[in-house]
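Structure record follows, encoded as structure tokens.
Lettering follows sequence order; numbering is per chain, from 1.
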Protein chains: 2
Amino acid sequence: MSLPPQLVELAQLARARGARATPARLQVLSALRDASRALSHHDIEAALSAQPLDRVTLYRVLDWAVAAGLVLRTTDENRIYRYSLGARHEAHAAHAHFNCDDCGRVFCLDDVAPAPAMPAGFLAKRVDVAVHGRCAACGGCATHDEPLP
Amino acid sequence: MSLPPQLVELAQLARARGARATPARLQVLSALRDASRALSHHDIEAALSAQPLDRVTLYRVLDWAVAAGLVLRTTDENRIYRYSLGARHEAHAAHAHFNCDDCGRVFCLDDVAPAPAMPAGFLAKRVDVAVHGRCAACGGCATHDEPLP
DNA sequence: TAACGATTGCAACGCAGTTGCATTTGATGT
DNA sequence: ACATCAAATGCAACTGCGTTGCAATCGTTA
Ligand SMILES: [Mn+2]
Ligand SMILES: [Mn+2]
Ligand SMILES: [Zn+2]
Ligand SMILES: [Zn+2]
């Protein structure tokens with residue numbers, strides 16, 4: 001049984017993490033790769049409506065993908081998780097991200113985030129810098145919007 | 001029936017918004033004012049355990065306070081809402097926050113976050129800086145932990 | 001103090017996410 | 001190709017957050 005060509009790369013990705021290349025994982029990763037924006041749990045269920053996945057399995061696949069560093073999970077102001085395939089997201093804690101308020105996509109910014117000064121006794125382990133706004137594809141430079149002060 | 005002096009100001013605040021100064025609202029606003037950090041729904045319930053409030057009423061009071069502009073609501077990466085009295089946080093978006101991985105508390109850092117450089121066409125509206133680690137109360141300076149690189 | 005709308009408490013509900021467990025299946029070795 | 005076995009899945013049940021409808025209560029104003 002041979003794998004469709006557009007899935008072999010994803011299968012290798014999974015196996016390289018010591019995990020099995022199961023249909024559920026390949027379908028989810030494939031849906032994320034094909035998406036032009038970050039997808040919510042419901043978005044993914046809808047995208048896979050042709051070959052329905054068990055609700056619980058989707059939760060577990062997403063948890064695995066995030067823990068494995070294959071997928072980046074973001075939270076919006078309304079507490080919706082959104083998932084995006086990130087080849088480079090292994091080290092995504094080390095750089096800043098741009099979140100488009102319109103399309104929900106996440107872009108990696110190569111700027112390094114400087115650590116703010118800590119109060120005495122506080123231990124900083126990680127700094128997340130998230131810039132919110134509108135991406136170029138969504139017309140970020142529209143003149144009626146005010147940029148950062 | 002006279003109001004405790006530390007509540008009259010909050011009562012005026014509520015009435016100025018065209019709302020009634022009820023015990024539930026005054027207790028919640030008071031708890032938020034006394035807190036040195038942003039409080040979750042559970043935090044507030046715990047803080048008011050002396051005069052228990054109905055779960056639903058707390059939801060409604062918080063919704064009202066946020067809609068009225070008295071309280072600022074933030075969301076962390078684990079989708080926990082945290083509420084803080086607005087007086088202190090008009091410029092909440094302008095400073096960084098520290099999240100303790102152990103106790104979950106959020107602390108305001110007075111450092112101003114510098115905006116990273118944007119790619120062409122991208123419009124930045126807001127920068128969120130969230131430092132993660134361990135707070136002083138949780139033993140942040142333990143030697144076996146590695147600080148930020 | 002009476003009146004009335006705003007607010008509360010309670011019960012019931014819907015839904016997101018989790019857990020336990022029996023069954024299936026991908027990978028590995030023969 | 002086949003056997004093997006841990007990994008992964010599907011299903012059912014469960015937990016907990018947040019919401020809704022409604023009757024009872026309360027704050028405000030006259
Ligand atoms: Mn990244
Ligand atoms: Mn703050
Ligand atoms: Zn966009
Ligand atoms: Zn702590």
Original post:
Taking the six-membered ring for Trp, are the ring centroids of His41(A) and Tyr83(A) within less than 6.0 Å of each other?
Top reply: no

Between [N] ([atom2]) and [X] ([atom1]): distance, integer Å:
{"X": "Leu26(B)", "N": "dT28(D)", "atom1": "CG", "atom2": "C1'", "value": "14 Å"}
{"X": "Leu62(B)", "N": "dT19(D)", "atom1": "CG", "atom2": "P", "value": "11 Å"}
{"X": "Asp63(A)", "N": "dA16(C)", "atom1": "CG", "atom2": "P", "value": "16 Å"}
{"X": "Asp54(B)", "N": "dA11(C)", "atom1": "CG", "atom2": "C1'", "value": "10 Å"}
{"X": "Gln27(B)", "N": "dG27(D)", "atom1": "CD", "atom2": "P", "value": "11 Å"}
{"X": "Gln51(A)", "N": "dG10(D)", "atom1": "CD", "atom2": "P", "value": "12 Å"}
{"X": "Leu3(B)", "N": "dT28(D)", "atom1": "CG", "atom2": "C1'", "value": "14 Å"}
{"X": "Arg15(A)", "N": "dT25(C)", "atom1": "CZ", "atom2": "C1'", "value": "13 Å"}

Subject >> Phosphate-side-chain proximity, Arg60(A) and dT9(D), N/O vs OP1/OP2 below 4.0 Å >> reply: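 No, because none of the side-chain N or O atoms of Arg60(A) sits under 4.0 Å from OP1 or OP2 of dT9(D).
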
Subject >> Phosphate-side-chain proximity, Thr22(A) and dT25(C), N/O vs OP1/OP2 below 4.0 Å >> reply: no

**OP:** Using heavy atoms to find the nearest nucleotide of DNA chain D for Arg25(A) and His42(B) separately, return the residue whose nucleotide is more 5′.
**Re:**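 Result: Arg25(A).
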
Original post:
Closest nucleotide of DNA chain D for Arg79(A) versus for Pro52(A): which of these residues is on the 5' side?
Top reply: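 That would be Pro52(A).
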
Using modelled atom types and a 3.5 Å cut-off, is there a donor and acceptor pairing between side-chain atoms of [X] and backbone atoms of [Y]?
{"X": "Arg79(A)", "Y": "Arg79(B)", "value": "yes"}
{"X": "Asp54(B)", "Y": "Val56(B)", "value": "yes"}
{"X": "Thr75(A)", "Y": "Glu77(B)", "value": "yes"}
{"X": "Arg33(A)", "Y": "Gln6(A)", "value": "yes"}

Subject >> Side chain of Arg20(B) (C-beta onward), nearest among dT18(C), dG27(D), dG26(C) >> reply: dG27(D)

Original post:
What does Arg55(A) touch in the nucleic acid at a heavy-atom separation under 4.0 angstrom: a base, only the sugar-phosphate, or nothing?
Top reply: base

